[in-house]
Amino acid sequence: MSDTGIGASVLRKEDRRFLAGRGNYVADIAAANEVALAFVRSPVAHGRIRSIRKPEGAENRVFTANDLDGVEPMRAPSKLPGYKPSDFPALAIGKVRFVGETVAACVGETRAEAEDLAQAVEVDYEELAPAVDMLEARKPGAPLVHEAWGDNIALSTRADGELDSVKARATHSVTREFRMSRQAMVPMEGRAVLAEWNSRMDQLIVHTATQVPHLIRAGLALFLGLEQRQVRVIAPDVGGGFGLKTYVQPEELVACWYAMKFGRPARWISDRREHLIADANCREHHYIVTAHADADGRILGLEGEVTVDAGAYSIYPFTNCLEAAMAGGNLPGPYAIEAYGVKTWTVVTNKPPLVPYRGVARPGVAFAMEMLVDAVARTVGREPHEVRMINMVPASAMPYTNIARKTFDSGDHPGAVARAAQMIDIAAVRERQTRDEPDGRLIGLGFGSYVEQAAHGTSVFASWGVQMVPGYEQAGAKLTPDGGLELRVGVQSHGQGMETTLAQVASEILGIDPENVSVIHGDTGLTPYSTGTYASRSIVMAGGAVSRACEVLVERMRTIGAHLLQCEPDEIRVSGGRVMGPGGDLPFSEIGRVWYINPEELPADVDTDGVEAVVGYRPEPDHGTFSYSTHAAVVAVDPDTGAVEVLDYVVVEDCGTMVNPMVVSGQVYGGAAQGIGTALFEESPFDELGQPLASTFADYHLPGAAEVPAFRLAHMITPSPHTEHGIKGMGEGSTIPTPAVIGNAVNDALRRYGAEVNETPISPRRVLAAIAAAEGEAA
Ligand code: MCN
Ligand code: SMO
């Protein structure tokens, strides 16, 4: 143990450069003789390309699909039976399938020049009827996004539960319909790429803003017809990813093709309109859910129908079926349910591709399930937090395999609800609700709980049929000649603070000050293979690998130290950054000096292994860790304007052993703020022609500091029995319940009308519509 090891709230090392504006992003990197790219993008959602006319004399500066020799359309296979893959071309081939799709690439000495050129390209489209709404697109006879498929269903799945017996015992069957709207992800830094061919290395060097450098390398090699050794992907500082930066992008392929073909580096930096119009979106789900419950509110059986609007193309490598797979597997949440049946549809539409966003499917799942739980509570006349507690897997049942075959490793779910209930002070809120507010607003209280499977391992990803299955995560640990430590990891930190937290794991084992540790990440040329950072996997996987690698270094240092201190290796302790024997101790720099600089001082048998090790790790069993949490909020709803204000918000979370409690809290604040965005503000709507209606921040509303409440936070700590140090992943969790918490609180406030909202964002328009609908029914 050290005061900079696991459990210490060490200040984030990386913030020194970020707070001083000295981060180094793709846009900060320049290459000699580079060109800028701009794209001609489709103005129609669905159409056939009749002709493309390049401006006179610009033949070598404007490129279409016909010019992209050697570039294959992106195809992400899946092993799931019945899955229909779609080809996502770098530049449209014959047809366009969403507004913003890349149709032609234009090259200029500056971005302005490239954009002017793009303006001058004339494309003639034959417009086709688009498939815009997922439920319409699912029906026979809908316009076909990919004609060859015969329908718009990329994948449908069905799992029938043993529902008959629970239905017979249930006194109430409560059905609700929910919709989570399509959203953008809006990282601070947009997507960005700078590609150059290095003839000395015989290598394409691609700086790109990504969370998964090794997967991008695999994809670029595959679609460009290169060997993987000929591609080096470098993610420098990355300004947020949230899931957006996990797929190979058309613009990336074009930049690489240009750099290879013409020998000049090519740069493309996305602007905010491109992000809001043409980047992959997220979240769009539709649910019909039924709970079969007894008179106490105990949910015996659950049925769900889940439809995911996957947009036009499946992305590489994770495909477009991950959302539906996650949704189907996660609907039962933290509850012990006897019978469960679920159908899912992954539907393609003429909209941008859909990719996972922080929480991956589970914010939609929780919106449906947690609001259904409150509907059950209202039906049986009990407090919603009590209904949660009687249905949850109790601490005494852990480890627990639920009805969807997920094995929860540890935790006290009802305990988290009880703590949240106490923090939000239910009695005081209920008492306040008996009085009229002076401003006429209505007070509502809402809860939301979830279980967050994270760091899903080999068996889980293999069962989802994806091509890139994570295996052992490796880390390199190297003592430098002067006694510092270099760690090399294949995951990528794009805001999570891993340059600090991985150094803390090393500090835990070696006692070294994190200030003397460099964490090298984001570069396929320098780091061990990894599928990268997503699924809140990094600290469990890479942290475990760093821990193991440092333990190997301890052994190596013992051997060397024993010789220098004239004792036996097992008498040596490594602690506080020093190697200690019975008769004296040495700093790490002494170990580094003799091994690298003065090996003549060592006997021959300690020469070979050295003070560098690459070690692999994966938890056993590998089904992932299960963090969980309960959030509770108090809102005020204005029944005249429909405006919702969050008055209080508490979070009780448990992610096992915390490496850095301050970083964990930061992850919770950030995630919950994004959850507030989903709950109340953020939406990428499309009109009936498939035109995006929110293409600037004037239309796409992000929560600002004034809209985000001051979250009150409590941590519980139940270590995982399966991981190094008992750590569980948690980077996504706090986005998961927030929309449901706010939805439940709004519905609680609207009880006197019998009104319920069931769609995000819960905008003033939707609140007023819910009230009007309830009043219409009453009349
Ligand atoms: N941590 C900890 N103790 C734990 C669990 C986590 O100290 N028991 C710390 C870790 O050391 C790490 C951070 O919390 O610094 C998140 O760790 P982890 O849960 O392993 O998640 P990942 O590092 O794998 O990050 C991915 C996750 C995902 S999938 C999304 S989406 C998301 C998120 O992280 N995107 C983010 N958080 C984000 N935060 C920022 N700033 N930017 C993003 O794009
Ligand atoms: S959406 Mo996070 O990158 O798994």
Side-chain angles (χ1 to χ4, degrees), residues 5-10 12-15 18 185-189 209-212 215 235 237-247 280 282-283 318 322-323 326 354-363 452-456 461 470 473 489-505 508 514 519 521 530-544 546 624-625 627 653-674 715-720 723-736:
I6 290 174
S9 287
V10 174
R12 300 198 334 168
K13 288 170 23 148
E14 45 268 77
D15 286 344
F18 292 143
M185 282 158 271
V186 201
M188 287 241 244
E189 180 209 23
T210 183
Q211 307 169 219
V212 292
L215 298 189
D237 282 329
V238 173
F242 308 113
L244 174 68
K245 296 171 179 171
T246 54
Y247 69 103
C282 58
R283 288 286 188 258
F318 289 124
L322 220 54
E323 286 277 309
M326 283 275 235
L354 195 84
V355 298
Y357 171 43
R358 202 171 189 175
V360 196
R362 289 163 296 191
E452 179 192 11
Q453 186 179 17
H456 322 60
F461 269 88
E473 190 75 22
V489 288
V491 295
Q492 206 278 343
S493 184
H494 40 280
Q496 292 87 349
M498 270 184 278
E499 291 174 22
T500 304
T501 52
L502 290 174
Q504 285 182 254
V505 173
E508 178 74 17
V519 177
H521 62 100
S530 165
T531 55
T533 290
Y534 58 91
S536 301
R537 66 188 298 277
S538 303
I539 198 64
V540 169
M541 300 301 298
V546 163
T625 58
S627 295
E653 74 83 43
D654 185 344
C655 61
T657 304
M658 290 184 277
V659 175
N660 184 323
M662 188 183 60
V663 168
V664 168
S665 297
Q667 287 288 308
V668 172
Y669 296 141
Q674 286 176 307
H715 298 291
M716 291 166 51
I717 300 177
T718 317
S720 173
T723 64
E724 284 288 296
H725 309 290
I727 299 166
K728 302 185 185 188
M730 59 72 60
E732 297 161 274
S734 48
T735 57
I736 295 174

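Along the sequence shown, the residues carry numbers beginning at 1. Any value given below was found using the heavy atoms of this structure, including those in side chains, with hydrogens, waters and symmetry copies removed. Remember, it's 1-based here, ligands and their atoms both numbered in the order they're listed. What you see is a predicted model; the values in this text were computed from it and never measured.
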Discussion item. Please list, in number order, the atoms of ligand 2 under 4.0 Å from a heavy atom of A535.
Written reply: 2 (Mo), 4 (O)
Item to complete: Examine the side chains of T718 and D654 and answer whether a donor and an acceptor come within less than 3.5 Å of each other.
Response: yes
Worksheet item: Under 4.0 Å from any heavy atom of V360, which atoms of ligand 2 are there?
Response: 1 (S), 4 (O)
Discussion item. Over 60° means perpendicular and under 30° means parallel, so tell me whether Y357 and F242 are parallel, tilted or perpendicular.
Written reply: perpendicular
Worksheet item: For ligand 2, is G241 a contact, meaning one of its heavy atoms is under 4.0 Å away?
Response: no
Discussion item. Among H521, Q492, R537, exactly one meets side chain to side chain contact (heavy atoms under 4.5 Å, CB included) together with S530. Which residue is that?
Written reply: R537
Worksheet item: Which protein heavy atom lies closest to atom 1 (S) of ligand 2, and at what distance to 0.1 Å?
Response: R358 N, 3.2 Å
Worksheet item: Do L502 and V489 have side-chain heavy atoms sitting under 4.5 Å apart?
Response: yes
Fill in: Partner of K728 under side chain to side chain contact (heavy atoms under 4.5 Å, CB included), chosen from I539, T625, T723
T625
Discussion item. Would Q211 count as being in polar contact with ligand 2, using the rule that some N or O on each side must be under 3.5 angstrom apart?
Written reply: yes
Discussion item. Starting from atom 2 (Mo) of ligand 2, what is the nearest protein heavy atom, named by residue and atom, and what distance separates them?
Written reply: E732 OE2, 3.7 Å
Fill in: Numbered atoms and elements of ligand 2 in range of Y534, under 4.0 angstrom, heavy atoms
3 (O), 4 (O)
Worksheet item: Under 4.5 Å between any side-chain heavy atoms of Q496 and T501, yes or no?
Response: no
Worksheet item: Will you find, in the side chains of Q667 and S734, an N or O donor that is under 3.5 Å from an N or O acceptor?
Response: no
List ligand 1's nitrogen or oxygen atoms that come under 3.5 Å of a protein nitrogen or oxygen, with the partner atom and distance.
{"residue": "ligand 1", "atom": "3 (N)", "partner": "V659", "partner atom": "N", "Å": "3.1"}
{"residue": "ligand 1", "atom": "7 (O)", "partner": "V659", "partner atom": "N", "Å": "3.3"}
{"residue": "ligand 1", "atom": "7 (O)", "partner": "N660", "partner atom": "N", "Å": "3.0"}
{"residue": "ligand 1", "atom": "8 (N)", "partner": "C655", "partner atom": "O", "Å": "3.2"}
{"residue": "ligand 1", "atom": "8 (N)", "partner": "T657", "partner atom": "O", "Å": "2.8"}
{"residue": "ligand 1", "atom": "8 (N)", "partner": "K728", "partner atom": "O", "Å": "3.0"}
{"residue": "ligand 1", "atom": "11 (O)", "partner": "T501", "partner atom": "OG1", "Å": "2.8"}
{"residue": "ligand 1", "atom": "15 (O)", "partner": "Q496", "partner atom": "O", "Å": "2.7"}
{"residue": "ligand 1", "atom": "15 (O)", "partner": "T501", "partner atom": "OG1", "Å": "3.2"}
{"residue": "ligand 1", "atom": "19 (O)", "partner": "M730", "partner atom": "N", "Å": "2.7"}
{"residue": "ligand 1", "atom": "19 (O)", "partner": "G731", "partner atom": "N", "Å": "2.8"}
{"residue": "ligand 1", "atom": "20 (O)", "partner": "S538", "partner atom": "N", "Å": "3.3"}
{"residue": "ligand 1", "atom": "20 (O)", "partner": "I539", "partner atom": "N", "Å": "2.9"}
{"residue": "ligand 1", "atom": "24 (O)", "partner": "R537", "partner atom": "N", "Å": "3.1"}
{"residue": "ligand 1", "atom": "24 (O)", "partner": "S538", "partner atom": "N", "Å": "2.9"}
{"residue": "ligand 1", "atom": "24 (O)", "partner": "S538", "partner atom": "OG", "Å": "2.7"}
{"residue": "ligand 1", "atom": "25 (O)", "partner": "Q496", "partner atom": "NE2", "Å": "3.1"}
{"residue": "ligand 1", "atom": "34 (O)", "partner": "Q496", "partner atom": "NE2", "Å": "3.3"}
{"residue": "ligand 1", "atom": "37 (N)", "partner": "R358", "partner atom": "NH2", "Å": "3.2"}
{"residue": "ligand 1", "atom": "37 (N)", "partner": "Q667", "partner atom": "OE1", "Å": "2.7"}
{"residue": "ligand 1", "atom": "39 (N)", "partner": "Q667", "partner atom": "NE2", "Å": "3.2"}
{"residue": "ligand 1", "atom": "41 (N)", "partner": "G495", "partner atom": "O", "Å": "3.2"}
{"residue": "ligand 1", "atom": "44 (O)", "partner": "G241", "partner atom": "N", "Å": "2.7"}
{"residue": "ligand 1", "atom": "44 (O)", "partner": "F242", "partner atom": "N", "Å": "2.9"}

Practice prompt. Would you kindly say whether T735 and Q674 are connected by a side-chain donor-acceptor distance under 3.5 Å?
Written response: no
Discussion item. Can you classify the ring geometry of Y534 versus F461 as parallel (below 30°), tilted (30 to 60°) or perpendicular (above 60°)?
Written reply: perpendicular
